[in-house]
Amino acid sequence: MHRIALKTLLHHRAKVFAALAGVAFATALMVIQIGLYDGLRARASILVDRVGGDLWIMAAGTSMVDDSELLASGIDLRASAHPCVESVRPAIVAWLPYRTPAGARHTLQLVGTDADTSRGAPLVPWSMAEGLPGDLRGPGRVAIDEGDLRQLGLRPPLMGHRLEIAETEVRVAAVTTGIRNVSLIPIVFADIVTARELAHASPTGATYWVLDLAHPSCGPSIAAEIEREHPDLLVLTGEQLAARTQHHVVTESGAGVALAFVALLGLIVGVVIVGQTLFSLVREHHKELGMLRAVGATRGELAAFVGWMATFVAVVGGGIGLGLAFAVDSGLGGRSIGIVYGPEAVLGGLAAVFVMCGIAGAISLASVLRLDVVKVLQ
Amino acid sequence: MTALLDAHGLSFSHGQAPFLTPVLRDLSVSIRPGELTVLMGPSGSGKTTLISILAGLLRPTSGHVDLCGERITGMDDAAVTAARRRSLGFVFQAFHLFEALSAVDNVAEILALSGVPIRAARERSRELLVRFGLGDRLDNRPGQLSAGQRQRVAIARALAPNPKIVIADEPTVALDGATAKSVMQLLREYVSGGTAVVLVTHDTRLITPTDRIIELEDGRIVRDGSAHGREEEE
């Protein structure tokens with residue numbers, strides 16, 4: 001039956017083209033939306049993932065890593081006194097005013113961490129285009145991302161360029177590439193000392209204290225102890241803070257719903273186009289299918305006629321759609337807010353294509369299974 | 001001789017009680033091997049309903065049908081379908097060929113449905129079509145064939161699986177006189193080989209004296225006998 005189905009399908013070139021275009025469009029749309037969703041989640045929590053650590057101490061009510069406030073001094077000392085705590089690292093995440101060389105005022109996100117990685121702390125920033133994270137050690141040194149040049153009002157060469165952040169002059173000592181936050185506002189990295197100065201924090205201040213533990217199993221008891229002693233603080237594991245941040249960005253901001261809606265729209269468009277094509281093809285061949293039934297084709301064999309058509313459209317259209325999705329990402333390059341085509345995006349997109357063609361095929365299948373042979377052959 | 005098709009006490013009505021419209025009324029018929037049975041009668045006399053019931057495509061309101069010794073009345077759909085596949089071939093007035101398939105493939109795919117490997121099915125289909133005078137049209141699609149050629153392909157398709165009975169519903173109505181006769185000739189060759197053909201037609205020119213004629217009127221058989229006898233009566 002597959003030969004009859006596929007030859008029949010390919011015989012109607014215009015219809016096949018419409019169906020394949022519909023599936024390809026819908027697949028690309030869905031895969032891109034899933035990729036955007038994954039990219040959004042990954043970008044939302046990238047700071048937490050990169051800074052690492054077992055426990056993060058922050059102000060109570062913090063909804064996401066970007067939404068932070070300066071903590072009272074002394075917490076780090078008490079935390080480091082715990083026998084299970086190996087190290088306590090300060091981090092500052094702050095939104096600060098920035099003035100471009102042309103005088104325009106904007107906002108940027110400052111991320112300050114301890115540039116001294118001798119105690120095993122991960123390198124921040126990562127993805128260096130010029131310079132090294134260690135080059136940020138020293139007063140007034142920052143790293144900017146080459147993707148933010150236009151927003152920062154800068155022109156290459158960037159190294160050594162002077163900027164004004166929070167009315168303080170700093171110098172570009174390193175350049176990163178491809179680092180973006182979800183808001184697409186420029187992100188600037190600095191050593192913790194410079195960050196404290198720019199954020200007007202005390203010399204021991206931080207918006208986060210990141211704890212590295214000797215045994216992660218100590219985490220819950222340490223967190224409970226700190227929260228009991230300091231009700232104004234919240235202690236989360238890195239995974240919890242990452243998840244909380246992703247949840248806030250994806251769900252509470254409505255971005256996830258918007259992406260899901262567009263993906264659903266793609267699915268509906270695909271179902272309508274493929275469904276309409278298969279249905280009209282099947283209707284056009286009711287008499288031939290009736291003939292097959294009369295000479296002894298089973299209902300299952302007639303169903304296979306529709307099944308093979310739907311499978312062909314799903315596989316070929318889905319493949320084209322997947323290629324389109326990758327081409328879109330490649331075409332956007334570093335300008336995109338981040339499309340991540342992990343196995344979830346690819347498999348999710350393909351699963352959606354098969355669901356789409358399955359639903360579309362089911363409509364035609366019903367008409368085949370209800371075929372009144374006597375009527376169609378009269 | 002054992003009947004290939006044996007129908008007894010067939011009745012069929014459209015609609016639902018108490019608004020039933022009777023189409024067939026207590027009708028019995030037997031079809032034997034090597035017999036060409038011509039089913040005649042005015043429009044609405046029940047010819048199409050009768051062949052649909054004989055083929056197991058419709059269930060009679062009452063009565064039963066035995067196909068090659070198996071009672072198909074009351075069988076489930078899968079069993080009737082299997083019985084049809086084993087024993088029946090169909091030729092339709094409108095051919096019902098797949099436009100996307102070549103003449104060979106239109107025949108071969110039906111054989112393949114019966115489990116014949118496609119290469120062997122194509123080989124047998126080629127032989128059959130050559131025998132039917134379509135040797136130079138094997139790879140042509142139905143749209144590239146004349147009406148007579150298309151009906152030959154349809155007959156080859158019906159005969160390829162070697163059915164015991166062929167039901168032909170007005171197979172010559174779309175054909176000119178000479179082509180209609182050649183189509184009938186093909187069917188008669190198979191009848192002489194032992195296949196039974198049940199032919200629905202209005203065209204009396206296609207009937208020969210040895211054919212069996214069953215005339216239906218208002219859902220009843222009003223005459224069942226040889227064409228020769230019918231001529232004498234007239």
Side-chain angles (χ1 to χ4, degrees), chain A residues 1-20 277-278 280-310 312-313 316 364-366 368-378, chain B residues 12 14 47-53 55-59 76-102 105-115 118 121-122 141-143 154 157-161 163 166-167 169-170 200:
Chain A
M1 189 53 79
H2 65 282
R3 287 182 299 271
I4 301 179
L6 297 183
K7 283 182 180 176
T8 299
L9 184 67
L10 295 174
H11 183 68
H12 299 272
R13 286 188 196 136
K15 284 182 180 164
V16 177
F17 180 79
L20 291 180
T277 306
L278 289 183
S280 77
L281 270 174
V282 166
R283 272 200 80 87
E284 223 170 283
H285 291 86
H286 262 186
K287 287 187 184 296
E288 289 89 336
L289 293 173
M291 176 277 297
L292 287 178
R293 187 91 177 97
V295 300
T298 61
R299 285 183 199 280
E301 283 165 334
L302 294 199
F305 179 81
V306 178
W308 278 108
M309 285 184 175
F312 176 87
V313 171
V316 177
S364 306
L365 197 62
V368 166
L369 295 179
R370 282 201 305 262
L371 197 68
D372 184 338
V373 181
V374 177
K375 247 183 207 166
V376 300
L377 293 179
Q378 269 176 358
Chain B
F12 184 83
H14 282 307
K47 301 185 297 293
T48 302
T49 304
L50 176 60
I51 59 169
S52 298
I53 291 174
L57 296 170
L58 265 185
R59 285 175 191 271
D76 63 25
D77 181 69
V80 179
T81 302
R84 265 203 312 270
R85 183 180 285 201
R86 279 194 301 273
S87 311
L88 282 179
F90 278 89
V91 181
F92 305 97
Q93 175 184 329
F95 324 129
H96 302 324
L97 298 171
F98 279 97
E99 195 52 52
L101 303 184
S102 66
D105 282 344
N106 261 293
V107 180
E109 289 297 349
I110 298 300
L111 273 175
L113 269 184
S114 319
I118 189 65
R122 285 201 176 113
R141 288 185 178 163
R157 178 182 65 190
L159 294 170
V166 172
I167 294 177
D169 188 7
E170 303 269 17
V200 177

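Reminder, nothing fancy here: chain letters follow the sequence lines and each chain counts from 1.
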Review point. Quick one: what part of A:Arg293 sits under 4.5 Å from any heavy atom of chain B, side chain, backbone, both or neither?
Key: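 Looking at A:Arg293, backbone and side chain both touch chain B.
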Check whether [X] gets within reach of chain A through its side chain, its backbone, both or neither, counting any heavy atom under 4.5 Å.
| X | answer |
| --- | --- |
| B:Glu99 | both |
| B:Ala112 | side chain |
| B:Leu97 | backbone |
| B:Arg157 | side chain |
| B:Asp105 | side chain |

Review point. Which of the residues A:Ile4, A:Leu9, A:Leu10 is involved in the greatest number of heavy-atom pairs with chain B at under 4.5 angstrom?
Key: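 Option with the top pair count is A:Ile4.
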Review point. Can you check whether B:Leu113's main-chain N or O pairs, donor with acceptor, with B:Arg85's side chain at less than 3.5 Å?
Key: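 A pair under 3.5 Å: yes.
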Review point. Taking the side chain from B:Ser87 and the backbone from B:Arg84, do they hold a donor-acceptor pair closer than 3.5 Å?
Key: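 Flag not set: sc B:Ser87 to bb B:Arg84 has no pair under 3.5 Å.
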Practice item. Check the pair A:Glu284, A:Lys15 against side-chain contact (heavy atoms from CB on, under 4.5 Å), reporting the backbone distance first and the verdict last. Key: CA-CA 12 Å; A:Glu284 223 170 283; A:Lys15 284 182 180 164; 2.4 Å; yes
Check your understanding: Is the centre of the B:Phe98 ring less than 6.0 Å from the centre of the B:His96 ring?
Key ->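 Here the rings of B:His96 and B:Phe98 have centres that are no less than 6.0 Å from each other.
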Practice item. Show your working on side-chain contact (heavy atoms from CB on, under 4.5 Å) between B:Ile118 and B:Arg122 and close with a plain yes or no. Key: CA-CA 6 Å; B:Ile118 189 65; B:Arg122 285 201 176 113; 3.7 Å; yes
Check your understanding: Can you tell me how far CG of B:Asp169 sits from CZ of B:Phe90, rounded to the nearest 0.5 angstrom?
Key ->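 Atom-to-atom, B:Phe90:CZ and B:Asp169:CG are 9.0 Å apart.
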